Structure formats: C-alpha cells, structure tokens
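Here is the structure we will look at.
Every number for a ligand or one of its atoms is a count from 1 in the order of the listing. Heavy atoms only: backbone and side chains are in, while hydrogens, waters and symmetry mates are out. Keep in mind that what you see is a predicted model, and the values were worked out from it rather than measured.
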Amino acid sequence: MAAEPSGELMRLVNGYQVSQAVHVAATLGVADLLTDGPRTSDELAAATGTQPRALYRLLRALAALGVLHEAEGQRFTLTPMGAGLRSDAAEPAGPWAAFIGTPAHWQAWGDLLHSVRTGESAFRHVHGTDPWTHRAQRPAESAVFDRAMTGLSRRAADAVIAAYDFGRFRRIVDVGGGQGALLAAVLAAHPAARGVLFDQPHVVSGAADVLRAAGVDARCEVVAGSFFDAVPEAGDAYMLKSILHDWDDDAATAILRSCRRAMARGGALIVIERVIAPPNEAPETKLSDLNMLVNLGSQERTRDEFAQLFATAGFRLADVTATGGVVSVIEGAPA
Ligand SMILES: C[S@@+](CC[C@H](N)C(=O)[O-])C[C@H]1O[C@@H](n2cnc3c(N)ncnc32)[C@H](O)[C@@H]1O
C-alpha cells in the first residue's frame, strides 16, 4: 500500500474548518468589499461589524488557503479563486457558501452518523421535519437556500446550454425551477422560445427580479403549485434540474408521471443532474449523494437507475449528454 501523502488525510479530516471559514467570509460579504482593490483587515472589520483581531485571523487563514492574498500591513486582496465569492461572479460560489454553514444544514451534517446507521434523513432526525417544510415556515432561511440554488444554476447554465440543443423547443416548462436562473439563461439564449417557471408559491414569489434581469420576463409565465398535484400543461419540454435527486424512487416517479400527463405530444423530458460515476471517480458527485442522504434521505443516481426510474414513469431514456460541468443532461421520451 502506498504511503499516505504527507498531511493529505489530515487536510480531509479538517475540511469542516475550511467550509465554515469560507461560509463566514461569504456571509459577511468580504469578497464584495474587496471588489475595488485591497483593504486592511481593520477596514474590513469596521465594514462588517466584526471583532478586528478575530476577523484578521479568519482572513489570514483564507489567504493561506489561496482564497485571499495577504500583503504588508494586513492588507488583503481577492485571488482569482476568491473572486468566485463576489456577487457579480460569472459562476458564483458565494450563495452556496453562505448556505452550507447555516445552522439547520450544518447541524444535519453533524448527524451524518445517524443517516449512515439508518439510511434516513439526518435533517429530519435533528429538526423533526423535512427541509422543504422547515424552510417554508422560515422565510429568511428559504431566501438563503433559494439564492444558493440560483448561484448553482448560474454556475451550470453556460455548460448546459452549450452541450444541449434547446433551440427546437417552443414552450419549456421548468419544473421545480427555483427562482428561474437556468430557465432565464435558456430563454436568453433562444429568443423564439417561451418558458413556464413552476415551483412552490413562496419560492416563485421571488423570481421576478431574476427573470427581469435576464430580459426574459415577457416570455416567461410564473406558476405556483406542487409537482405532486399537477404541472403546467402543453409544454414540448419539461426541464427538471436537481429535482429527482431530492426524492426517493416512489416520489420521483410521481413527479415524472405529473410531467408525462401534462406533456404535449412528442414532448421531451430534460433531467439535469449529476450521474454517479464509476468507482474511485468524481468525489464531488459522491459527496453530493451524501448531501442528499443527510438532508432528504434521497440519492444521486447512476445512468441505469435513471433508465429504470424513467421506465416506471412511462418514459424511455433517450440520451445522456455530459456538459463538462458537474451535471449531465438526461433526456427522456414518452415510451
Ligand atoms: C434543489 S432545488 C432546485 C431548484 C432549481 N431547479 C435549480 O436547479 O436551481 C429543488 C426545488 O424543488 C422545489 N420543490 C420542492 N418541493 C416541491 C413541490 N412539491 N412542488 C414544486 N416544487 C417543489 C423547491 O422549492 C426547490 O426550488
């Protein structure tokens, strides 16, 4: 057996410290405060209302990790990596960083052992309910999560649009589309298409700004509801990004059946998700799978598992397109 590369295991073991350090910097908005150039840690402490010495200790740790750069006089700048935390980053990581350290999510991960022992959601074990119900009752937490989803969809959008031809569709229904970041990018890239954004009422109520900023609000209807009841009808494309991985097979089948019932003749099912890779590859996807277990008692799926799920719901798996990013486009057609 090869010797352990020096310190690598301990870096993995202590990874929680890095997560929380980046989370705090994101929550304080440090990256945006550095947009116009270097600032001292004292200036940043005054701007963020934090204790100067403690903030300096956070910033120097982030500089040692390559997120910031520290120069003479405790002056800090963003590195190219740290620039991904700016709110105007093309592929923003800040909203996700702001979410992952929030108490409800962090505490659920703190009970991973429960999930591994039982196969059940640690979130439900810790908080007594599922994340959707928890957030529906807590608007501030819901807003942090919705921004995180918008950030992740912005990160994925260019690669998805480059890899998959949405140009043949006229009415694209985004099922569980959050606040519309991906649908807005698809509609912006395809001016002849119209969209329908569908999600829970308290989620779509925050979508107008995202759609307006992309200049697609006139071509996009916004509909509130539950995909377990029904989804908007007569789309020729039903897009589900990061939806099926939130649910077990029975619930995921019910969502797909809702799409099947509503779909126009010859319509397409466009599932955008991670696909579990062969053994020893793609840790990001396998950790996302654990994230699904911890939060929802659900899972990421292999290609074969998607094919099986599609078949149960009345679709056949037509194609899987890698995007070069973390997600793939898994296309289904009515069976
Ligand atoms: C992981 S997020 C993905 C959001 C978006 N598709 C994206 O990738 O950015 C899952 C979405 O499912 C929505 N959702 C959960 N339960 C739902 C329900 N019963 N009906 C409709 N949407 C639901 C959530 O509000 C959330 O926006």
_Residue from D199, L197, V210, L211 passing side-chain contact (heavy atoms from CB on, under 4.5 Å) with Q179_ = V210
Ligand-side contact atoms (ligand 1) for residue partner [X], heavy atom cut-off under 4.0 Å:
X: F228; value: 19 (N)
X: W247; value: 16 (N)
X: G225; value: 20 (N), 21 (C)
X: V203; value: 25 (O)

Of all the non-hydrogen atoms in the protein, which one sits nearest to [atom], and at what distance?
atom: atom 19 (N) of ligand 1; answer: S226 OG, 3.1 Å
atom: atom 15 (C) of ligand 1; answer: Q200 NE2, 3.6 Å
atom: atom 22 (N) of ligand 1; answer: F227 CE2, 3.2 Å
atom: atom 2 (S) of ligand 1; answer: M149 SD, 3.6 Å
atom: atom 1 (C) of ligand 1; answer: S242 O, 3.2 Å
atom: atom 5 (C) of ligand 1; answer: G176 O, 3.3 Å

*asked:* Using the ring centroid of each side chain, check whether F123 and W132 are separated by less than 6.0 Å.
replied: no
*Would you tell me which option among D199, V223, V204 has the nearest heavy-atom contact to atom 26 (C) of ligand 1?*
D199
With heavy atoms under 4.0 Å as the rule, classify the contact between [X] and ligand 1 as side chain, backbone, both or neither.
X: D246; answer: side chain
X: S153; answer: side chain
X: I243; answer: side chain
X: W132; answer: side chain

*Less than 4.5 Å apart, any side-chain heavy atom of D32 and any of T35?*
yes
*If you measure every N/O of K241 against every N/O of ligand 1, is any gap under 3.5 Å?*
yes
*Looking only at atom types and distance, does a side-chain atom of T102 sit under 3.5 Å from a main-chain N or O of A104, one as donor and one as acceptor?*
no
_Joint hydrophobic cluster, V271 plus V326, side-chain heavy atoms closer than 4.5 Å_ = no
*If Ile, Leu, Val, Met, Phe, Trp and Tyr residues are connected whenever their side-chain heavy atoms lie under 4.5 Å apart, and connections chain through other members, are L317 and L269 in the same group?*
yes
*Should H125 and E120 be marked as a side chain to side chain donor-acceptor pair (under 3.5 Å) after you check the CA-CA gap, both sets of side-chain angles, and the distance that decides it?*
CA-CA 8 Å; H125 188 239; E120 294 168 359; over 6 Å; no
*Identify whether the distance between the nearest side-chain nitrogen and carboxylate oxygen of E331 and R168 falls below 4.0 Å.*
yes
*asked:* I'd like to know if R212 and D209 make a salt bridge, using a cut-off of under 4.0 Å between side-chain N and carboxylate O.
replied: yes
